[in-house]
2 protein chains.
Amino acid sequence: MENTLSPELSIAAVERETGLSKDVLRKWETRYGFPVPLRDKQGERLYPAEQVNRLRLIKRLIDEGIRPSRIVAESEQRLSEMALSSRSKPPRELNQNAEDFESIILALLRGQNMEGLRQRLYRELLRHGLEHFVLDTLAPMTYAVGEAWARGELDIHEEHVYTEAVQWLLRNAITNLSEAEGTPRILLTTLPGEQHGLGILMVAALFSLHGAHCISLGTQTPVQDIARAAQAHAADVVVLSFSLVYPQRGIQPALSELRQQIGDNIEIWVGGAGIPRLHNAKMPGVQFCPLMEQALNAMHVWRSMKLKC
Amino acid sequence: MENTLSPELSIAAVERETGLSKDVLRKWETRYGFPVPLRDKQGERLYPAEQVNRLRLIKRLIDEGIRPSRIVAESEQRLSEMALSSRSKPPRELNQNAEDFESIILALLRGQNMEGLRQRLYRELLRHGLEHFVLDTLAPMTYAVGEAWARGELDIHEEHVYTEAVQWLLRNAITNLSEAEGTPRILLTTLPGEQHGLGILMVAALFSLHGAHCISLGTQTPVQDIARAAQAHAADVVVLSFSLVYPQRGIQPALSELRQQIGDNIEIWVGGAGIPRLHNAKMPGVQFCPLMEQALNAMHVWRSMKLKC
DNA sequence: CCATCTATTCTGTCCTGGACAAATAATTTG
DNA sequence: CAAATTATTTGTCCAGGACAGAATAGATGG
């Protein structure tokens, strides 16, 4: 009746808020000496808000590839330094224009200007055409937004606003492009736990533009249902996307399960920021497309293959 | 290298696919004698597809309010009987028209006819107007789709297709309605773990129609970020939605945490199918709106309150 | 000096089995 | 029959140990 006022979170709440599993939270406590939460009278953990914030920061850095032992027990100062400096550098060679555009968009986001954001994005789409827009503007832009968030320059809700605006734009484009008779028939979704859906929306736009028939299932479809949907829609290809946040270890088992459940004549293509980390992994019957261009290329290969048969 | 071919799932995969936590899966095993998975050579659980399917069915029934002891160890037959018969009956008194419409939509879904679905929904929207459409067509329709899925008449991917179509429709409507200067300023989202976003989209449409200014953050925003977003957008109200799937026990703690983090002058309204179960719960500073009409009403109350001050 | 291979640490996940409180059902009492 | 007690059910939490796959450092060879 009164602990409504205490700013401590249960371990379940911390898992919810940070994305770190209960097991991990407990292990870190013994291994690295952080976080060490308070306890309630039944001995259950209560994490003060301060520790939760730190955990959030640590999670970011780990998602970027830094190892826990380097940071979990690190001093507050070093942590924020790393947050600023780190960031696996992507191949970024922007011209002046693109850079300007990015800073404009980021400014609109910070100003909570949804309407202006939408207009600016749409104008850019018209200026460059959909393909160029998606590949050279939207993809780096999305990356930059994630980057800005990681540096603490953007709140997560500002990133959400960005996501909403882009979704709206792409959905409209895709709808107007949709061809019932296009080939190949491509089914797009993400696995349960993966909520980042912008990637599949972007490739869906590209595929549609090039005359494919896209079926988007949204995010978080269980493997079994993906298999059934692929059957029902007579899909030629299933496309999945994995972000940096998706637990790396889960990818391969999930893919081999899917590979086994859908027939042999349906291809699987995977992409997203979480994929490049698997550079040395080999999965029979699964195509890795770390870059969006590669997915597009895969589609062209598919077509020429089909032509020969 | 070879278990690629085995149809067994790890406990993590089962948690992902069914939504039942690892702890629950292990407890049921000892308490009810089901599920009893195989073990790999390290003694880790491997669930055959058969057991996973049963777990999915059981999860459905539990979400509808049946207690585990009644069904977890129940015979296969009884289970499917219950699946057909059960279903907490909502107050449904549909006229002939509405019923026809529902069966048309369900048929379109089964036929994977995305285009037709979109057209039919849009026509209905134009015919009845947005408010009537959302309250009397879309809300029961959404319920009916969930119901059909629970009865096994609809695959989950068909439900996803429905969701995509409705989202597209509502997003367009909301965008065209958006008023930068509207009051109250309403922020809508769901908590992490809650992926059902149609509810907030529907109320957002209603609120916008009645001149409010809606800020939608999409789904799954951590509590702290909701609080920050509410500040940044100078929101008057935060609206959250909870589906049947959201763990009932988590609602109250999360709400009181939110209540504490955002200032006292921001209202909290909650709705969704998961809310009626809390009939006897009382939370200071939180308004429960089991029905969408009540949310709309809350807005009118808010306005008259504001007028007096 | 770079590349490939091997040994070693790191790290997340899984295991058992026990405890407890909130939710629900069953019972008693007014 | 309603309200208040008591009993049962059920999900979550805890400790602490084990293990395999990933990452890293070190060794070997070209």
Side-chain angles (χ1 to χ4, degrees), chain A residues 1 3 9-16 18-32 34 36-47 58-59 61-73 88 193 245-253 256 274 277-281, chain B residues 1 3 8-16 18-32 34 37-47 58-59 61-63 65-73 193 246-254 256 274 277-281:
Chain A
M1 182 158 298
N3 77 349
L9 300 189
S10 73
I11 193 170
V14 176
E15 177 181 42
R16 193 168 31 76
T18 65
L20 296 164
S21 80
K22 293 167 193 151
D23 272 333
V24 166
L25 289 168
R26 287 192 276 253
K27 276 298 174 227
W28 283 5
E29 192 173 333
T30 62
R31 280 185 186 152
Y32 312 117
F34 181 87
V36 181
L38 310 174
R39 298 291 179 130
D40 68 7
K41 65 184 169 197
Q42 304 119 39
E44 305 200 338
R45 281 167 242 259
L46 287 179
Y47 295 82
I58 290 172
K59 176 64 161 37
L61 293 170
I62 286 178
D63 284 341
E64 285 164 28
I66 299 181
R67 308 208 70 186
S69 57
R70 291 276 167 94
I71 44 172
V72 175
S88 56
V245 189
Y246 196 89
Q248 192 165 353
R249 324 183 123 194
I251 298 183
Q252 295 217 35
S256 62
R277 299 180 293 181
L278 300 175
H279 49 277
N280 42 6
Chain B
M1 184 159 298
N3 76 349
E8 290 100 23
L9 300 190
S10 73
I11 194 169
V14 176
E15 177 181 42
R16 202 169 21 79
T18 65
L20 296 164
S21 79
K22 293 167 193 153
D23 273 332
V24 166
L25 289 168
R26 288 192 274 253
K27 275 298 174 228
W28 283 6
E29 191 174 332
T30 62
R31 279 185 186 152
Y32 312 118
F34 181 88
L38 311 173
R39 299 291 179 130
D40 68 6
K41 66 182 168 198
Q42 306 120 38
E44 305 199 338
R45 291 173 172 78
L46 286 179
Y47 294 83
I58 290 172
K59 175 62 161 38
L61 293 170
I62 287 178
D63 284 342
I66 299 180
R67 307 207 70 187
S69 58
R70 292 276 166 96
I71 44 173
V72 175
Y246 196 90
Q248 192 165 352
R249 323 184 124 195
I251 299 183
Q252 295 217 35
S256 63
R277 299 180 293 182
L278 299 174
H279 48 277
N280 42 6

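Reminder, nothing fancy here: chain letters follow the sequence lines and each chain counts from 1. Computed from a predicted model, the values in this text were never measured in an experiment.
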*Could you pull out all residues at least two apart from B:R45 that satisfy side chain to side chain donor-acceptor pair (under 3.5 Å)?*
B:E29
*For B:R16, side chain to side chain donor-acceptor pair (under 3.5 Å) partners two or more places apart*: none
Between [atom2] of [N] and [atom1] of [X], the distance in whole Å:
X	N	atom1	atom2	value
A:I11	D:dT12	CD1	C1'	10 Å
A:Y47	D:dC13	OH	P	10 Å
B:K22	D:dC13	NZ	C1'	15 Å
A:R70	D:dA25	CZ	C1'	11 Å
A:L46	D:dC14	CG	C1'	14 Å
B:L25	D:dT10	CG	P	15 Å

*If you look at every heavy atom in B:L25 and B:E15, which pair is closest and at what distance?*
CD1-N, 4.3 Å
_Residue pair A:K59 / A:L20: nearest heavy atoms and the distance that separates them_ = CD-CD2, 3.6 Å
_Need one value for B:T30: base, sugar-phosphate or nothing, where a base atom within 4.0 Å counts as base even if backbone is also close, heavy atoms only._
nothing
*Just call it for B:R39: base, sugar-phosphate, or nothing, with non-hydrogen atoms closer than 4.0 Å on any strand.*
sugar-phosphate
_Working for side chain to side chain contact (heavy atoms under 4.5 Å, CB included), residues B:R26 and B:T30_ = CA-CA 7 Å; B:R26 288 192 274 253; B:T30 62; over 6 Å; no
*A:E29 or B:I62: which one's nearest nucleotide on DNA chain D is closer to the 5' end?*
B:I62
*asked:* Closest-nucleotide mapping onto DNA chain D: is A:R45 or B:V24 further toward the 5' terminus? I mean the 5' end.
replied: B:V24
*To the nearest 0.5 Å, tell me how far A:S256 OG sits from A:I251 CD1.*
12.0 Å
*asked:* To the nearest 0.5 Å, what is the distance between CG on B:L9 and OG1 on B:T18?
replied: 9.5 Å
_Sequence-distant partners of A:K27, salt bridge (charged side-chain N to carboxylate O under 4.0 Å, His left out), two or more places apart_ = none
_With heavy atoms of chain A within less than 4.0 Å as the criterion, where does contact along DNA chain C begin and end?_
C:dC10 to C:dA21
*Using the test side-chain contact (heavy atoms from CB on, under 4.5 Å), find all partners of A:P68 that sit at least two apart in sequence or belong to another chain.*
A:W28, A:Y32, A:I62, A:V72
*Scan nucleotides 16-22 of chain D nucleotide by nucleotide, 5' to 3', and note B when protein non-hydrogen atoms come under 4.0 Å of the base, S if they reach only the sugar-phosphate, - if neither.*
BBB-SB-
_Side-chain N,O (B:W28) to OP1/OP2 (D:dG11) below 4.0 Å_ = yes
